[in-house]
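Encoded as structure tokens, the structure appears first; notes follow it.
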Amino acid sequence: MAPKLLTLLAVLSFSALSLLTPSLAEEGQDNGLVMNFYKETCPQAEDIIKEQVKLLYKRHKNTAFSWLRNIFHDCAVQSCDASLLLDSTRRSLSEKETDRSFGLRNFRYIETIKEAVERECPGVVSCADILVLSARDGIVSLGGPHIPLKTGRWDGRRSRADVVEEFLPDHNESISSVLDKFGAMGIDTPGVVALLGAHSVGRTHCVKLVHRLYPEIDSALNPDHVPHMLKKCPDAIPDPKAVQYVRNDRGTPMILDNNYYRNILDNKGLLIVDHQLANDKRTKPYVKKMAKSQDYFFKEFSRAIALLSENNPLTGTKGEIRKQCNVANKHHEEP
């Protein structure tokens, strides 16, 4: 009788454990993020996203910059929940329309990726995961490292525009504030230095840097770099309708590399935060190390992106899987 009793107890224990730990694919799971979350429910999801990112990059090179900016602007504001992608409604302002989102674009191409995934697996893959995975694959398009990232995020139902200023680090803030805000996400000093290496690619709109040129030129700027900045930004008050900008890195503007660190050590950083990063005693040692070693930069960048992507994700009943990335389902279903 004893062996039978032990067998019965084992079966009951296993059954109880199963009730407490439902499948990750089940709605309501709260086990956090995992690698290959969609391997059972949509095994082609990550390949579809990767292929779409490649196709879009061939047609529109600037999409890769957008994917990289998206992960920062979405995940840094309380949660990686694709709240950034929501359009404004009668009751709430979109994060996309705040001053801090100036210059963000290509959101329509996120919908292109979403539509491709929906054709394969309707209602399975979240916009939050698409946002994160498109950033991962966009980084590769820019010559950066492939970063293994977990999935399983659900989409938020509301905009977080009212707290953008509170959580999103700003290029004009003190380096202490920037370090504190990233630190609250679990990202340490070398991680912050590496994340700002994203300034190696893309461009900075003149409206973000004219205060360093007018009415007086910031003495911290490399005088050899100033004529180029003045040529690109000839007006103290840039025309908001004009696309006036300076490339972040004139040498390799389309490549994510460690040239950014050499530039800021040479006082060619466009933003105040770039200058502070190269001169503050807490960050300068890491700037120097990354300027010397691209491998070290990529290592820390990969670690920091992974941490950023896992900032307070929504899982299970805390969120939803949107039908369209720009509209929460309850609004999508309205007539």
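- Closest approach of E97 to S88, counting heavy atoms only: OE2-OG, 3.1 Å.
- No side-chain heavy atom of K150 sits less than 4.5 Å from a side-chain heavy atom of S309.
- D155 and S126 make their closest contact through OD1-CB, 3.5 Å (heavy atoms, listed as atom of the first residue, atom of the second, distance).
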Could you go through residues 283-293 and list every donor-acceptor pair under 3.5 Å that involves a side-chain atom there, pairing it with any protein atom two or more places apart or in another chain?
residue: T283; atom: OG1; partner: L277; partner atom: O; Å: 2.7
residue: T283; atom: OG1; partner: D280; partner atom: O; Å: 3.4
residue: S293; atom: OG; partner: Y296; partner atom: N; Å: 3.0

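- With salt bridges taken as basic N to acidic carboxylate O contacts below 4.0 Å, none links K114 and E111.
- In summary, the side chains of R153 and S79 do not present any donor paired with an acceptor at a separation below 3.5 Å, with no hydrogens or angles considered.
- Cluster membership for V53 and L55, using ILVMFWY side-chain heavy atoms within less than 4.5 angstrom, is not shared.
- A side-chain donor-acceptor contact under 3.5 Å links Q276 to the backbone of E173.
- V192 has its side chain out of reach of D188: every pair of non-hydrogen atoms, C-beta onward, lies at least 4.5 Å apart.
- With salt bridges taken as basic N to acidic carboxylate O contacts below 4.0 Å, one links E46 and R136.
- Counting heavy atoms of neighbouring residues, nucleotides and ligands inside a 6.0 Å radius, atom CG of D99 does not exceed 12 of them.
- Among pairs with a residue in residues 167-261, those fulfilling disulfide (SG to SG under 2.5 Å) read C206-C233, at least two apart in sequence or across chains.
- Other residues, nucleotides and ligands contribute over 12 non-hydrogen atoms within 6.0 Å of the NZ atom of K61.
- Between D239 and D235 the shortest side-chain heavy-atom distance does not fall below 4.5 Å.
- Put simply, the side chain of S200 gets close to the backbone of I255: a donor and an acceptor are under 3.5 Å apart.
- Side chain of Q294 to backbone of N258: a donor-acceptor contact under 3.5 angstrom is found.
- Considering only heavy atoms from C-beta on, K181 stays 4.5 Å or farther from F167 through its side chain.
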Please determine whether salt bridge (charged side-chain N to carboxylate O under 4.0 Å, His left out) holds for the pair E300 and R303, giving the CA-CA distance in whole Å, both sets of side-chain angles, and the decisive distance to 0.1 Å. CA-CA 5 Å; E300 291 298 327; R303 185 175 63 87; 2.4 Å; yes
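- Taking a cutoff of 4.0 Å between a charged side-chain nitrogen and a carboxylate oxygen, K96 and D87 qualify as a salt bridge.
- With sequence neighbours left out, the salt bridge (charged side-chain N to carboxylate O under 4.0 Å, His left out) criterion links E165 to R100.
- Under the disulfide (SG to SG under 2.5 Å) criterion, the residue pairs touching residues 279-326 are C127-C325, with sequence neighbours excluded.
- Placement of F65 and V140 in two distinct hydrophobic clusters is found when ILVMFWY residues are connected by side-chain heavy-atom separations under 4.5 Å, directly or transitively.
- With rounding to the nearest 0.5 angstrom, the CG atom of L56 is 10.0 Å from the CZ atom of R108.
- No single ILVMFWY cluster, assembled from side-chain heavy atoms under 4.5 Å apart, contains both I272 and L196.
- Taking CG of L142 as the start and CG of D137 as the end, the distance is 11.0 Å to the nearest 0.5 Å.
- Not a single salt bridge (charged side-chain N to carboxylate O under 4.0 Å, His left out) links K50 to another residue, sequence neighbours left out.
- Atom-to-atom distance recorded for Q52:CD and I49:CD1 is 9.5 Å, nearest 0.5 angstrom.
- Side chains of V132 and D74 form no contact here, defined as non-hydrogen atoms less than 4.5 Å apart.
- With hydrogens and angles left out, the side-chain atoms of Y38 and D129 include a donor and acceptor closer than 3.5 Å.
- Between M35 and L149 there is no side-chain heavy-atom pair separated by less than 4.5 Å.
- Defined by atom type and a distance below 3.5 Å, a donor-acceptor pair is present between the side-chain atoms of T89 and S92.
- Pairs of residues two or more places apart, or lying in two chains, that qualify as disulfide (SG to SG under 2.5 Å) and include a residue from residues 79-111 are C75-C80.
- There is a side-chain donor-acceptor pair under 3.5 Å between H199 and D274.
- Two residues are said to be in side-chain contact when any heavy atoms from C-beta on lie closer than 4.5 Å; I321 and V125 fail this criterion.
- Side-chain contacts under 4.5 Å among hydrophobic residues (ILVMFWY), followed directly or transitively, place I237 with no other residue at all.
- Side-chain N/O atoms of D249 and T252 include a donor and acceptor closer than 3.5 Å.
- Every pair passing ring pair (Phe, Tyr, Trp, His ring centres under 6.0 Å) that includes a residue from residues 299-324 is listed here, sequence neighbours excluded: F297-F301.
- Qualifying salt bridge (charged side-chain N to carboxylate O under 4.0 Å, His left out) partners for D257, counting only residues two or more places apart in sequence or in other chains: none.
- S134 places a side-chain N or O within 3.5 Å of a backbone atom of I130 that can act as its donor or acceptor partner.
- Cluster membership for L84 and L86, using ILVMFWY side-chain heavy atoms within less than 4.5 angstrom, is not shared.
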Under the side chain to side chain donor-acceptor pair (under 3.5 Å) rule, what do R247 and T204 come out as? Steps first, then yes or no, please. CA-CA 6 Å; R247 290 286 184 188; T204 296; over 6 Å; no
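- Residues forming a salt bridge (charged side-chain N to carboxylate O under 4.0 Å, His left out) with D295 (at least two apart in sequence, or on another chain): none.
- The side-chain hydrogen bond (donor to acceptor under 3.5 Å, both in side chains) pairs that include a residue from residues 205-220 are N172-H211, R212-D218, where partners are two or more places apart or lie in different chains.
- Nearest approach of L104 to F107, heavy atoms of both residues: CB-CZ, 3.8 Å.
- Cluster partners of V243 are Y245, counting Ile, Leu, Val, Met, Phe, Trp and Tyr whose side-chain heavy atoms approach within less than 4.5 Å, directly or via other members.
- Between G269 and L221, the shortest heavy-atom distance links the atoms O-CD2, 3.7 Å.
- Using a 3.5 Å distance cut-off with no hydrogens or angles, the side chains of E95 and S101 do not pair a donor with an acceptor.
- The pair R160-D81 meets the salt-bridge criterion, with a side-chain N (NZ, NE, NH1 or NH2) lying under 4.0 Å from an Asp/Glu carboxylate O.
- Between L209 and M229 the shortest side-chain heavy-atom distance falls below 4.5 Å.
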